[in-house]
Amino acid sequence: MTSAPLPPPGRVSTTEQLMELLDGLYGADADRTSAGASEFWGRLLQQPGHLLGTDLPDANLVAWQAAHLLPPSADPGRPPTALDVGCGLGRNSAWLARQGFSVTGIDVAAPAMAEAARRSPDPTYLLRDFIREEVPGAPFDLVYDSGCFHHLAPHRRISYRAALHATLAPHGVFGIVTFAAGRMGTTADDAMLLRQGALEGGVGYDLDELVDVFEDLDLVAAGRQPTADEVGAPVFTQDFLHAALFRRHR
């Protein structure tokens, strides 16, 4: 996706020009999904003891794999492919690689990409903005997002859906982890979020809202993140997160 500058005298004539105009309503610290957030995420992920510094995979991801819900390869001659959106330090990318996936992890934070590659060289790590830049290697059998989507401004959900459409294979599976409404993240409506030009640290979603946003996909599984005891393995799990798994219509 390439940016189109506003034509003089600033009249909107394309969808992307409208998106960029709405982007301008938010301060630099509000949008944590674009390249401008690299420094923020770099500082956060380097904080000693921060919960996102772990190497453990998401509990729901491990549970989905155990239930045989993650996709096989569309081509028996190659491993299944996975795109880890907003991969951070690569904990889920590395785990997927150990399960036999050919993994591409993308993030806007250069320091995170360097550390992820140091921790696990098996995935391919790329500095990419999911909603504004093309991702090499598409389409993928699995697209997974743990914690990126809930930092999007309301209008950029439209861009996200377009990016997902471009990266998810026809048979593909999409997994997402977000703040759970009422437990973490703002519950302000979209009109308020646009008026105030801030996301209050992220948006909380209930599962019905996620089903509505991704209505063109089939819901496979949804709910809170399971506990480590339920999964039977060391995993990353938080009671303020929930997860949903979708499959693309064939």
Side-chain angles (χ1 to χ4, degrees), residues 45 49-74 78-107 112-113 115-125 130 140-151 164 167-169 171-180 183-185 202 204-207 210-211 214 217-248:
L45 294 171
H50 193 278
L51 61 87
L52 292 180
T54 181
D55 287 324
L56 296 176
D58 284 342
N60 52 279
L61 196 58
V62 176
W64 293 338
Q65 175 75 336
H68 307 290
L69 296 178
L70 298 186
S73 174
R78 64 161 175 81
T81 57
L83 175 65
D84 186 5
V85 178
C87 65
L89 300 179
R91 58 191 180 83
N92 290 312
S93 295
W95 184 85
L96 285 165
R98 293 196 296 273
Q99 310 313 305
F101 284 82
S102 175
V103 184
T104 299
I106 61 171
D107 204 289
M113 294 292 83
E115 176 62 15
R118 186 193 69 79
R119 292 187 179 195
S120 177
D122 292 330
T124 297
Y125 293 107
F130 180 61
F140 296 88
D141 301 312
L142 170 66
V143 175
Y144 187 65
D145 173 351
S146 182
C148 177
F149 182 78
H150 56 226
H151 289 299
L164 182 60
T167 53
L168 188 62
H171 64 283
V173 170
F174 169 58
I176 185 169
V177 176
T178 72
F179 290 154
R183 291 182 175 269
M184 180 69 76
Y205 292 92
D206 63 39
L207 292 171
L210 292 180
V211 170
F214 301 108
L217 305 176
D218 295 324
L219 182 65
V220 176
R224 62 174 175 77
Q225 281 196 320
T227 65
D229 287 343
E230 289 170 328
V231 174
V235 288
F236 178 88
T237 181
Q238 300 292 327
D239 63 5
F240 57 79
L241 298 172
H242 57 200
L245 188 68
F246 298 87
R247 181 173 289 111
R248 191 168 188 175

Between the side chains of [Y] and [X], is the shortest nitrogen-to-carboxylate-oxygen separation below 4.0 Å, so that they form an ion pair?
X      : Y      : answer
Arg119 : Asp55  : yes
Arg183 : Asp206 : no
Arg91  : Asp58  : yes

| request: Go through the steps to decide whether Leu83 and Leu142 satisfy the test side chain to side chain contact (heavy atoms under 4.5 Å, CB included), and finish with yes or no. | output: CA-CA 6 Å; Leu83 175 65; Leu142 170 66; over 6 Å; no
Donor-acceptor pair, distance only, cut-off 3.5 Å: does the side chain of [X] make one with the backbone of [Y]?
X      : Y      : value
Ser146 : Val177 : no
His151 : Cys148 : no
Asp239 : Leu241 : no
Asp141 : Thr81  : yes
His150 : Gly204 : no
Gln225 : Gln238 : yes

Residue pair [X] / [Y]: nearest heavy atoms and the distance that separates them:
X      : Y      : answer
Trp64  : Ile176 : CH2-N, 4.3 Å
Ala169 : Arg248 : O-CD, 3.4 Å
Pro226 : Ala63  : CG-CB, 4.2 Å
Pro57  : Asn92  : CA-OD1, 3.4 Å
Val103 : Ala97  : CG2-N, 3.6 Å
Leu168 : Val173 : CD1-O, 3.4 Å

Distance (rounded to the nearest 0.5 Å) between [X] [atom1] and [Y] [atom2]:
X      : Y      : atom1 : atom2 : answer
Leu61  : Thr237 : CG    : OG1   : 12.5 Å
Leu217 : Phe174 : CG    : CZ    : 7.5 Å
Cys87  : Tyr144 : SG    : OH    : 12.5 Å
Met113 : Asp107 : CE    : CG    : 4.5 Å
Ser120 : Leu96  : OG    : CG    : 10.5 Å

| task | Could you check Gln99 against Gln65 for side chain to side chain contact (heavy atoms under 4.5 Å, CB included), going step by step and ending with a plain yes or no? | result | CA-CA 9 Å; Gln99 310 313 305; Gln65 175 75 336; 3.7 Å; yes
| Can you name the ring-ring contact (aromatic ring centres under 6.0 Å, His included) partners of Tyr205, sequence neighbours left out? | Phe149
| Do you see a donor-acceptor pair shorter than 3.5 Å between the side chains of Asp84 and Tyr125? | no
| message | Evaluate Trp95 against Val62 for side chain to side chain contact (heavy atoms under 4.5 Å, CB included), listing each step before the verdict. | response | CA-CA 9 Å; Trp95 184 85; Val62 176; 3.7 Å; yes
| request: Show the numbers, then the answer: is there a side chain to side chain contact (heavy atoms under 4.5 Å, CB included) between Leu207 and His242? | output: CA-CA 8 Å; Leu207 292 171; His242 57 200; 3.8 Å; yes
| field | Within-4.5 Å side-chain heavy-atom neighbours: Pro79 and Ser102 | value | yes
